[in-house]
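As the structure is a computational prediction, the values presented were derived from the model and not from experiment.
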Amino acid sequence: MELPKSYSHKDLEAKWYRRWTEAGAFAPANHAGRYFSMVIPPPNVTGSLHIGHALNNTLQDILCRYKRMDGYRVLWVPGTDHAGIATQNVVERQLAEEGLTRAQLGRAKFIERVWAWRKQSGSTILHQLKALGASCDWSHERFTMDEGLSQAVRETFVRLCEDGLLYRAERLINWCPRCKTALADIEVTHEEVDGSLWHIVYPLWDDPSKGIEVATTRPETMLGDTAVAVHPDDERWREFIGKSLRLPIVGRRIPVIADPFVDREFGTGALKITPAHDFNDFEIGEKHNLKRINIFDAEARIAPEAFVEEFGQEPVWMQRYFGKERYEARKLVEAELQERQLLKRRDRHRHAVGKCYRCSTPIEPYMTPQWFVRTKPLAAPAIEAVREGRIRIVPEGWANSYFAWMENIKDWCISRQIWWGHQIPAWYCAACNEQHISRSATGDYLILKGAQPIVGREAPKSCPGCGGADFLQDPDVLDTWFSSALWPFSTLGWPQATDDLKSFYPTSALVTSFDILFFWVARMIMMGLKFMGDVPFRDVYIHALVRDQEGQKMSKSKGNVIDPLAVMERYGADAFRFTLAALAAMGRDVKLAEERIQGYQNFVNKLWNAARFVLMNLTIANIEAQKLRERLDGEKLNPADQWILSRLAVTIGKAREAIDSYRFNEYAHHLYQFTWHEFCDWYIEMSKLALNSGNENERLRTERVLAEVLENILRLLHPVMPFVTEEIWQALREKLGAGKREEANGKSGPILMLQPYPGPEPKWAAPEVEERINLLMEVTRAVRNLRAEMNVAPSKEVSVTLVGADDKVAFLRSHESYLRALARVSRVEYLTDGARPKGAATAVVGEVEVYVPLGDMVNVGEEKTRLEKELSRTEEELARVRRKLGNSDFVAKAKENVVRREKEKAEEFQDKIRTLHLSLGRLGEIEQIGEKP
RNA sequence: GGGCGGUUAGCUCAGUGGGAGAGCAUCGGCCUUACAAGCCGGGGGUCACAGGUUCAAAUCCUGUACCGCCCACCA
């Protein structure tokens, strides 16, 4: 079978993916050897494949395919994350389009609806991964809300509770008024905004003519103020300390307290204290035993309850505020203060605002009972594991961020007031907690602070307190990241003691992006150590974010997204994967422009055409590809063959080194360089001579080398470009005589995907041959260069004279046919010494001088200019080398080989200068002749 | 406020102590029977700036500027 003239990825990709699947090539059971395992960073079920997933999974797949070929039992566990808030938001938006809210639907119906949605479109993203070529073991696919994983979640929750690492308490937490749920600290992103700083006067209780001027960015929260704090040493306010103020608008009597926390330099040096709606104020409030007045409802609207409690009835003077959301209330407060002439100033002020990482709504510090994980005891061993190198973070710079975060870790708020997720396995006896349960008309209920939870793997049968059997389960669900934290072992069957766990835990590597280092990686390490007693993975490879060519984050709103599916459709998965690998340099963002992919598509095409060349020239048959090498060892190889095999051996070494250290870009680069610029540009061109020599032995030998090198290239490239390499490999195999029979029998034959990865080939190393072929290549380039510079038409053949050291010239003479073919030279003459051709364009390659006679076709003046330029360039270089050698410190202190090389250089430059001078002199003669006809 | 990273050719980026590199773009020449998605050749850079260490610095150290990111309770 010959390969078609051009490569068409469209049908082939699906064909090979199917074939690999049918061959069971993704399952670890089919391989023997050491274990290699990875778990996929589970994409959100809501998602579709974006460029970040593409990069992440391409790198993982490269590792898996490499390790699989290299003899490991590879397990790559795929799956998806239920993504609590994100998914709930998506389904809520769908409902909104139907004019429904989740409240109207009710909890049970809503969850049903989410499940239906996830069933229908939840695996979209995994199908898209298949288009990318991801070699996951699909029989191991998991979902963070699978029954097995739910069991793992309940198990960990109960055990953490038993170990005192879990508690429920009322704390000031980050609240998203849009999602109406608590968030963990890291789920809040801080954004700088241009805001204002309001200066407000709080009059003295006893003497309203005097007052304290406070400065605040959030005037609306003053309704909840319970004190004003000043620095104890601040002269301006000293006399006020201990006195009472009348809180404007509300009329509350609040004290002036002294606290060194207050920054005298900022604003007026007086800080209003709102313990229920500011984290700093909360702490100060706790210290000074201040009242915490919650002025908001769950949607951050001013709620009357606290004021009713305070004043015994709804304060009529505050009527206009009730029910108003934060920013509206802010305007009203500002207006009323203005009216009362208590608003002194409003300055422009830039400051950071915390926003919900899911919906960008400004978060509200809010007092609610929540569940927390005590993280310090979990963090300590997690820090140690990285510090001791039991987990290696690559690039290691990220370890600093990891340590910094872990060492300052705060308790993790894990409860969310949403419906989609793992409902917390805690129950409350309805009878015992009657006064702590608030029921709404719709049947929903809230568990207030002070309620006594019973934590268990399942609902309790009866209350140990009263014996009652009426229980309400905690309505909250767990943070999505709680179940993701268990992913490396929950997906392998934990809490059951499975074979998978025994074989594949700890996993070998985790490939992820830095933006979830704290969300996910850190927590997996804590949980893995806690519940498995061992690290969840050995290596963490952290890759960059994909940005557009301007370095902007890709986002739909900016319209700069590159859709991986569209790209693959257009350029093929292989070109896309190769591009991602080539751009994945460590510690840098990946800036992706579509032209890059196009560029690497050319490489796919180049490989394809090289393969076509090899295949159309193969006459040998009945040799299995795998046996090529054995045959090759018996051959008498010529220097060109030895050279390409030596280069191949070097490339194999570099490729292994690069991939073993997660340097994907270097991997891609080395293979690109070897395939294109060594194999195609030189070896294939040289091979044409042997193939057309008419010498049967030479021809067969060259065919074998071509096939051997191509086959190695295919195996080396397969991890990055699985589809095209498989297609070519199969064609090669068939051409070599194997495969046909099996296909006729309907059996599936060998696949490249499961061939051994090229090993080190020390016997191919031939540095001295490389050196000689290098000379030949340089002389060839010199001739080409002279022709181009002298504008000699490519069709015009020229003769060349070579002058130089005996051994060099002898080698060049024995390979004259290459020079003739590669540089389009008709005749080569050799002079070992003495005479030089008259009137020739000159180049110097090491110890060899290259002359191309000018004849009558060249402008003598141009050649003279060219030589003079070359001469001055060489003189500059010589001067630099001489300066170095003239420096006694250099000669004394530099390494010997460095000095030696400099000396060699000096000699080389001197020779070159001498030659150039001679050539210039001879040109002068011609000029004179020309002038005197 | 703290930390991390970046600054190298027109663009995107490799390169961690000894002669400045790649891809793309550009210019010139080629339809040479694997490939014009190609071949051959060329031009282009005081390696951000200023000091320092060293025989030797794009590379190590210090500082500065600009850009980006992360963390942080200055209202």
Salt bridge or not between A/Glu870 and A/Lys912? Use side-chain N to carboxylate O under 4.0 Å.
yes

Scan A/Asp681 against the nucleic acid and name what it touches under 4.0 Å (heavy atoms): base, sugar-phosphate only, or nothing.
sugar-phosphate

Remember a base hit wins even if backbone is also touched, and classify A/Ala610 as base, sugar-phosphate or nothing at under 4.0 Å, heavy atoms.
base

Could you check how far NE2 of A/His190 sits from C1' of B/C73, rounded to whole Å?
9 Å

N/O (side chain, A/Arg784) to phosphate O (OP1/OP2, B/G41) under 4.0 Å
yes

Take atom C1' in B/C24 and the same atom in B/C71, then report the distance between them in whole Å.
37 Å

For atom CD of A/Gln598 and atom P of B/C24, their distance in whole Å:
11 Å

Touch check for A/Phe279, heavy atoms < 4.0 angstrom, all strands: base, sugar-phosphate only, or nothing?
nothing

Let's see if you can work this out: which of B/G18, B/C35, B/U32 has an atom nearest to the side-chain heavy atoms of A/Lys5?
B/C35

Base, sugar-phosphate or nothing for A/Trp676? Non-hydrogen atoms, less than 4.0 Å.
sugar-phosphate

Touch check for A/Arg781, heavy atoms < 4.0 angstrom, all strands: base, sugar-phosphate only, or nothing?
sugar-phosphate

Can you tell which of B/A75, B/G23, B/A14 lies closest to the side chain of A/Val262?
B/A75

Just checking, is any N or O donor in the side chain of A/Arg596 or A/Thr579 under 3.5 Å from an acceptor N or O on the other one?
no

Say you pick atom C1' in B/U53 and the same atom in B/U62; how far apart are they, in whole Å?
10 Å

Using a heavy-atom cut-off of under 4.0 Å over every strand shown, decide if A/Arg787 touches base, sugar-phosphate, or nothing.
nothing

Interatomic distance where CG belongs to A/Leu517 and C1' belongs to B/C4 [whole Å]
12 Å

Is the closest basic N to carboxylate O distance between A/Arg699 and A/Glu703 below 4.0 Å?
yes

Ranking B/G19, B/A34, B/C55 by distance to the side chain of A/Phe909, first place goes to B/G19

Which of B/C40, B/C55, B/C74 is nearest the side chain of A/Lys893? It is B/C55

Base, sugar-phosphate, or nothing for A/Asn605, non-hydrogen atoms under 4.0 angstrom?
base

Testing B/C74, B/A22, B/C73 for proximity to the side chain of A/His669, the answer is B/A22

How would you label the contact of A/Tyr672 with the nucleic acid (heavy atoms, under 4.0 Å): base, sugar-phosphate, or nothing?
sugar-phosphate

Please tell me which of the listed nucleotides, B/C70, B/A75, B/A34, lies nearest to the side chain of A/Thr217?
B/A75

Confirm from the modelled atom types if A/Glu685 and B/A34 form a donor-acceptor pair under 3.5 Å, side chain to base only.
yes

Quick one: sort the A/Trp608 and A/Tyr7 rings into parallel, tilted or perpendicular, breaks at 30° and 60°.
tilted

Starting at atom CG of A/Asn785, determine the distance to atom C1' of B/G28, rounded to an integer number of angstrom.
13 Å

When all nucleic acid strands are considered with a 4.0 Å heavy-atom cut-off, which category describes A/His199: base, sugar-phosphate, or nothing?
nothing

